[in-house]
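Below is one structure, written out as C-alpha cells, with a few remarks after it.
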Amino acid sequence: MISHKKIYLSPPHMSGDEMKMIEEAFATNWIAPLGPHVDAFEQETADFLGVGAALALASGTAALHLAGELLGVGRGDRVLCSSLTFAATIAPFYHKGAECVFIDSEPGSWNMSPQALEAALEDCARSGKTPKAVIIVNLYGQSCDMDPILTLCNRHGVPVIEDAAESLGARYKGRQTGSFGKFSVLSYNGNKIITTSGGGMLLSDDGEAIARARFLSTQARDPALWYQHTTLGWNYRLSNVLAGIGRGQMRHIHQRVEARRRIFARYAEELGGIEGVEFMPEPHWSVSNRWLTVLTLRESPIFVLERLAGLDIETRPVWKPMHLQPVFENCLYYPHGAEQDVSADLFRRGLCLPSGSGMTEEEQTRVIEGIKEALAAARGKTKS
Ligand SMILES: *Cc1c(COP(=O)(O)O)cnc(C)c1O
C-alpha cells in the first residue's frame with residue numbers, strides 16, 4: 001500500500017536556521033515582545049522590500065488595523081477594497097464602522113480592476129465623498145497592476161493600503177510587492193510563503209507614521225516614569241522568539257519563491273493540456289511568488305475537491321468574494337464590466353492546489369494523478 005501522509009495546501013517549511021535563532025533568544029533571555037530579533041527582523045524586511053520603515057506585529061490583521069488607524073478611518077468613512085480576498089483584509093475597517101465598497105478583479109491578473117476602480121472613484125467624486133483609503137490585495141502571490149491603480153488613486157488624492165500578505169517575494173515591473181502602498185502589510189501566518197507561526201508587518205516610507213504605529217501597538221504608553229496615557233492603544237507586538245523564526249525564514253525567501261514557481265510550472269505542464277483546465281495568468285509585468293497554484297475549470301471544481309479529500313489531499317475553493325458574503329450584502333460593488341463579474345466567476349470555477357515549498361515530487365505526482373482521475377471520471381459521467 002502506498003503511504004498516505006496528508007498533503008496540505010501550504011504547510012510551514014522550516015530550514016533549521018529558525019531553531020538557531022530561537023536558541024539565541026533563549027540563551028540571552030529575550031523572551032519578550034521586543035528585543036534584538038524584532039529590531040533585526042524589521043530592518044532586514046525593510047531592506048529586502050526597499051521600504052523606509054517596518055513594524056513587526058502579532059498578525060497581518062493587526063497591521064491592517066493600524067494602517068486604518070494611521071489614516072484616520074472612522075465611522076461612516078468610505079473605503080474601497082478588492083472584493084476577491086480573505087475577510088481579514090476588510091475586517092478591521094468593518095469593525096471601525098467604515099462604509100465598505102467592493103471592487104471587482106480584472107481577468108488578466110485576478111486583482112483589482114483599474115476600470116472598476118475608476119468608475120467607483122468617479123462616483124465618489126461626484127457625490128463629494130472621497131474615500132479614506134483604497135485597499136488593494138496581491139492575490140495568491142501576484143501583484144496588482146500598480147501603475148494604473150496608483151495613478152487613479154493619486155488623481156483622486158486617496159492613499160493606498162497594500163495587502164501583500166500573500167505576495168512576499170513577488171515583483172511588479174522588477175520592484176518588490178509590499179513597497180507600493182502608503183502603508184503595506186505582510187503576514188507570517190502558518191500558511192503563508194514564510195511564517196513565524198503567526199505574525200505580521202506594517203511597512204511605510206513614512207517613518208513618523210511607523211513610529212506612531214509602534215506607540216499605538218505597544219499600549220500607547222507616553223514617555224513618563226509612570227504609566228501615563230494621552231490616548232489608548234493595543235498590544236499588537238510580535239515576540240522576540242517569533243521574530244527569530246521570521247529571520248531564519250527570510251534567509252530562504254528566494255528559494256521558497258523558486259520552489260513555489262517550480263511547483264506551479266509542473267502543475268501547468270501536466271494539467272494545462274487538459275480541455276477546460278486553465279491557470280491563474282501571469283501578466284508580463286508580474287513575477288508572482290505562486291504562493292498557491294490556482295486552476296479554473298469550466299464548471300464548479302467541487303467534485304475534484306471532494307475526490308482529493310478522499311485521497312487525503314487538501315484543496316480549497318478560491319476566496320468567496322466579499323460582495324457575495326452575507327455580512328456585506330448591503331454594500332456597493334463595482335464589477336469589471338456591466339455584464340462581467342470576474343471575481344464571482346473565479347469563485348465559482350477556481351480551485352487552489354497544494355503548493356507548499358516543501359512538497360516532494362512524489363507528493364505532487366499524487367495530487368496530479370488525483371486531479372486527472374477526477375477529471376476523467378467526470379468526463380465519463382457526462383458521456384454516459
Ligand atoms: C493571511 C491574510 C491576511 C491576514 O493575515 P494574518 O496574519 O492571518 O492576520 C490578510 N489578507 C490576506 C489577503 C491574507 O491572505
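Note that ligands are numbered from 1 as they come in the structure, with each ligand's atoms numbered from 1 the same way. Since this is a predicted model, take the numbers as computed values, not measurements.
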Please list the nearest protein heavy atom to atom 1 (C) of ligand 1 with its residue and the distance rounded to 0.1 Å. Lys192 NZ, 1.5 Å

About how many Å separate CE of Met201 and OG1 of Thr196, when rounded to the nearest 0.5 Å? 9.0 Å

Identify, by atom number and element, the atoms of ligand 1 in contact range of Ser59, meaning under 4.0 Å from any of its heavy atoms. 7 (O), 9 (O)

Salt bridge between Lys5 and Glu363, side-chain N to carboxylate O under 4.0 Å? yes

Quick note on ligand 1: atoms under 4.0 Å from a heavy atom of Ala165 include exactly 2 (C), 3 (C), 10 (C), 11 (N), 12 (C), 14 (C)

Ligand 1 N/O within reach of Glu166 N/O, cut-off under 3.5 Å: yes

Expected output: side-chain Asp205 to main-chain Gly52 donor-acceptor under 3.5 Å: yes

Report, in ascending order of atom number, the atoms of ligand 1 lying under 4.0 Å from any heavy atom of Asn189. 8 (O)

In ligand 1, which numbered atoms sit nearer than 4.0 Å to a non-hydrogen atom of Ser187? 1 (C), 5 (O), 6 (P), 7 (O), 8 (O)

Has Arg316 got more than 12 heavy atoms of other residues, nucleotides or ligands less than 6.0 Å from its CZ? no

Is the closest N or O pair between Asp163 and ligand 1 shorter than 3.5 Å? yes

Could you note down all residue pairs passing side-chain hydrogen bond (donor to acceptor under 3.5 Å, both in side chains) where residues 56-67 supplies at least one of them, sequence neighbours left out? His65-Tyr236

Parallel, tilted or perpendicular for Tyr140 and Trp110, by the 30°/60° rule? perpendicular

Min N/O separation Asn191 to ligand 1 under 3.5 Å: no

So, regarding Leu64 and ligand 1 (criterion: nitrogen or oxygen to nitrogen or oxygen, under 3.5 Å), is there a contact or not? no

Member of Thr89, Thr177, Asn138 meeting the side-chain hydrogen bond (donor to acceptor under 3.5 Å, both in side chains) criterion with Asp163: Thr89

N/O separation below 3.5 Å, Tyr188 to ligand 1: no

Quick one: does Gly199 get a heavy atom under 4.0 Å from ligand 1? yes

Test: Glu270 and Lys372 ion pair at under 4.0 Å: yes

What atoms of ligand 1 come closer than 4.0 angstrom to any heavy atom of Thr85? 13 (C)

Quick one: which ligand 1 atoms are inside 4.0 Å of a heavy atom on Thr61? 4 (C), 5 (O), 6 (P), 9 (O)

Do the rings of Phe264 and Phe279 sit parallel, tilted or perpendicular, given the 30° and 60° boundaries? perpendicular

Would you mind running through ligand 1 and noting each atom that sits below 4.0 Å from a heavy atom of Ala88? 3 (C), 4 (C), 10 (C)

